[in-house]
Amino acid sequence: MFNKVKTFLKQRMGSLILPYLPWQLCNFGFSGRIIIEPTNACNLRCPLCPTSKSKRIKGFLSFENFKKIIDDIPNLKSINFGWSGEPLLNKEVFKMVKHASSRGIRTGISTNTVFLNQYIEEALNSGLDNLIVCLEGASKESHEKYRVGSNFESIKRNIKDFCQEKKKRKLNKPRVILQCLLTKYNEHEVPAIIVLAKNLGVDSLEFKSLSLGSSVSVAEKIKRAKEFLPSAEFSRYDFKEGILSLKSKPRLCSWLRQSVILWNGDVTTCCYDFEGDLIVGNVFRDGGFRKVWKSEKYKKYRQKIIREEFDLCKNCSRVGDYTQRICFYKNN
C-alpha cells in the first residue's frame, strides 16, 4: 500500500510540476535499468507485433559490443534482454547474460520459447535471474492463432523440459514466468491455463493485457480491437460504441529515467519506439551511454515526453498495471 501511495504522489506531483521545467533541467537521475536488444529479427509473425512490419535494418549485437555498452555504465542494476526481436536468435545472448551476472547485474529474458530447448545448459549456467516464456493459450488453436509460426506442443515440451532440468539441479534461478497475452481467442481458457502452468512446472503465471499499438492510427486500433480485444475484465481499454480509450494511463512516463539500447548502439527514450523515431544518440559513435544520457538532445526529448509533444506519447498504449501475476513458488 505504501508503494502505491508513493507512486501516486510522484505521478501527481510530477505531472503538475515537470511540464514547466526548462529543458536544461531535464537531466533526471538514471534508474540503473535498461533494455538491451540482442537482435530485432524474429522467427514468428504475431499479428499485432510491430517487429515483422518494421522497416529497421535487421542485425545482431555482438558480445564484444555488448561489453563495451555495459562496461561504460558503472551504476547499472538490471538488464532486460529482448525488445522488438527474439533474443534467442542471437547465439551469444547467454554469454552476455553471464558477463552481466558476473558484475552483479540482474538479468531477464523474454522469449517466444521456440528455441529454448537448444539453450537449457547455457541458460542454467548463465546466472539469469528471470526467464519469461510465452504461451498464448491452453490449446493449439488459441496459441497458434496469435503466435503464427509457433507449434503449441513443442512450446509446452520446451517449457516442461527446462523446468524439470532446473528442478533436477535444485536451482533457485532463473525464476520461470509463464506469460500469457489475453485475447478474445483465449480468455475463456484462463482456468485451463492456470492448470497447464502448474503442470509445466513454472514458478509463476502472468496474464498480460493486450496492447493495440502506439504507432498506429485510431482506425487501425479499432480494427484490431474488434478482432483481438478480450472482454472488459481482461482488457486495458474501454471499448464502447466504437470509442476506444485506455483505462489507466500513467500521468508521468516511467521511461524518463531508463533507456532502450538497440542492437546497433542507438539509444531510444521509449519502450514503444520500435521504429527508432526517438533516437537520441548512439553509444558507439557518441562516446558511450553516459554521454548520450547527459546530452542536450536527450534533455530536450525528455521535456517533450513530459509534455506529450511526440505522437508516440499522445498515442501511448502503456497503462499503470497491465499484468496479473499468479504465483506458484513458496518464497515470493
Side-chain angles (χ1 to χ4, degrees), residues 4 42 44-53 82-84 86 110-114 132-153 155-156 159 176-200 202-250 254 271-272 274 312 314-328:
K4 287 185 177 181
C42 189
L44 301 184
R45 303 178 305 281
C46 304
L48 300 190
C49 180
T51 298
S52 60
K53 304 175 183 67
W83 187 47
S84 65
E86 167 49 45
S110 177
T111 175
N112 61 33
T113 324
V114 172
I132 295 177
V133 290
C134 297
L135 187 68
E136 315 306 357
S139 66
K140 176 181 176 68
E141 292 73 24
S142 59
H143 173 77
E144 295 181 13
K145 175 70 177 179
Y146 192 82
R147 293 285 173 177
V148 179
S150 176
N151 181 281
F152 178 64
E153 293 300 329
I155 298 302
K156 286 196 301 179
I159 296 171
V176 183
I177 303 157
L178 191 151
Q179 185 179 92
C180 180
L181 185 67
L182 288 174
T183 70
K184 68 162 53 176
Y185 298 104
N186 65 13
E187 61 177 316
H188 65 285
E189 295 180 336
V190 165
I193 293 168
I194 294 172
V195 173
L196 176 59
K198 291 180 179 179
N199 290 338
L200 292 176
V202 299
D203 296 310
S204 65
L205 167 65
E206 181 177 277
F207 290 112
K208 185 176 180 179
S209 64
L210 185 72
S211 168
L212 299 173
S214 297
S215 301
V216 297
S217 66
V218 174
E220 177 62 23
K221 284 186 180 182
I222 291 174
K223 179 183 176 183
R224 293 178 175 188
K226 290 177 179 177
E227 183 174 1
F228 290 99
L229 205 64
S231 58
E233 179 185 0
F234 300 117
S235 176
R236 68 174 71 178
Y237 301 90
D238 283 320
F239 187 40
K240 299 175 182 176
E241 299 178 355
I243 299 175
L244 190 69
S245 61
L246 283 170
K247 289 181 178 178
S248 60
K249 185 175 180 178
S254 63
C271 64
Y272 281 134
F274 295 107
L312 201 58
K314 295 172 185 175
N315 301 319
C316 184
S317 294
R318 189 174 179 85
V319 288
D321 184 15
Y322 54 88
T323 60
Q324 177 184 359
R325 182 166 292 184
I326 298 172
C327 299
F328 302 124

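- Summarising the local packing, NZ of Lys226 is surrounded by 12 or fewer heavy atoms from other residues, nucleotides or ligands at distances under 6.0 Å.
- Checked by atom type and distance alone, the side chain of Glu136 pairs as donor or acceptor with a backbone atom of Leu181 at under 3.5 Å.
- The two residues Ile155 and Cys134 have their closest heavy-atom pair at CG2-O, 3.8 Å.
- When every heavy atom of Ser52 is checked against every heavy atom of Cys46, the shortest pair comes out as OG-O, 4.4 Å.
- Atom CG of Asp238 sits about 9.5 Å away from atom OG of Ser248, to the nearest 0.5 Å.
- Between the side chain of Lys221 and the backbone N or O of Val216, no donor-acceptor pair lies under 3.5 Å.
- Under a 3.5 Å cut-off, the side chain of Lys247 and the backbone N or O of Ser235 do form a donor-acceptor pair.
- The residues Glu227 and Lys223 are annotated as not salt-bridged, no charged nitrogen and carboxylate oxygen being separated by less than 4.0 angstrom.
- Proximity of a side-chain donor or acceptor of Arg45 to a complementary backbone N or O of Val148 within less than 3.5 Å is not detected.
- Annotation: the span from His143 atom NE2 to Asn151 atom CG amounts to 7.5 Å, rounded to 0.5 Å.
- Remark: side-chain polar atoms of Thr183 are not paired, donor with acceptor, to backbone N or O of Phe228 under 3.5 angstrom.
- Distance check, rounded to the nearest 0.5 Å: CG of Leu212 to CG of Asn315 gives 12.0 Å.
- Evaluation of the salt bridge (Lys or Arg N to Asp or Glu O under 4.0 Å) rule for Glu86 yields no partner, not counting sequence neighbours.
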>> One pair to check against side-chain hydrogen bond (donor to acceptor under 3.5 Å, both in side chains): Ser231 and Glu187. What are the steps and the verdict?
In response: CA-CA 8 Å; Ser231 58; Glu187 61 177 316; 2.6 Å; yes
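- The heavy-atom pair separating Ala225 from Phe239 by the smallest distance is CB-CE2, 3.9 Å.
- Of the possible polar contacts, one joining the Asp203 side chain to the Val176 backbone as a donor-acceptor pair under 3.5 Å is found.
- Between Gly242 and Ile222, the closest heavy-atom pair is O-CD1, 3.4 Å.
- Distance check, rounded to the nearest 0.5 Å: SG of Cys271 to CZ of Arg318 gives 4.5 Å.
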> Checking side-chain contact (heavy atoms from CB on, under 4.5 Å) for the pair Leu244/Leu229: CA distance, chi angles, key distance, verdict?
Replying inline: CA-CA 11 Å; Leu244 190 69; Leu229 205 64; 4.3 Å; yes
>> Test side-chain contact (heavy atoms from CB on, under 4.5 Å) on Ile193 and Leu205; report intermediate values, then the result.
In response: CA-CA 9 Å; Ile193 293 168; Leu205 167 65; 4.0 Å; yes
> Between Arg224 and Glu220, does a salt bridge (charged side-chain N to carboxylate O under 4.0 Å, His left out) hold up when you go through it step by step?
Replying inline: CA-CA 6 Å; Arg224 293 178 175 188; Glu220 177 62 23; 3.0 Å; yes
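- At distances below 3.5 Å, at least one donor-acceptor pair connects side-chain atoms of Arg236 with backbone N or O atoms of Ser317.
- The two atoms that bring Pro47 and Lys53 nearest to each other are O-NZ, 3.1 Å, heavy atoms only.
- Proximity of Leu210 to Leu182: side-chain heavy atoms (C-beta onward) are nowhere separated by under 4.5 Å.
- To the nearest 0.5 Å, atom CD of residue Glu206 and atom CG of residue Leu178 are 9.5 Å apart.
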> Given Tyr237 and Val319, is the side-chain contact (heavy atoms from CB on, under 4.5 Å) satisfied, shown in steps?
Replying inline: CA-CA 9 Å; Tyr237 301 90; Val319 288; over 6 Å; no
>> Please determine whether side-chain contact (heavy atoms from CB on, under 4.5 Å) holds for the pair Ser150 and Asn112, giving the CA-CA distance in whole Å, both sets of side-chain angles, and the decisive distance to 0.1 Å.
In response: CA-CA 8 Å; Ser150 176; Asn112 61 33; over 6 Å; no
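- Contact between Cys49 and Tyr146 at its shortest, heavy atoms only, is N-OH, 3.9 Å.
- A distance of 14.0 Å separates OG in Ser214 from NZ in Lys314, rounded to the nearest 0.5 Å.
- Ser139 and Glu189 share a side-chain donor-acceptor pair at under 3.5 Å.
- Between Asn199 and Lys156 the shortest side-chain heavy-atom distance does not fall below 4.5 Å.
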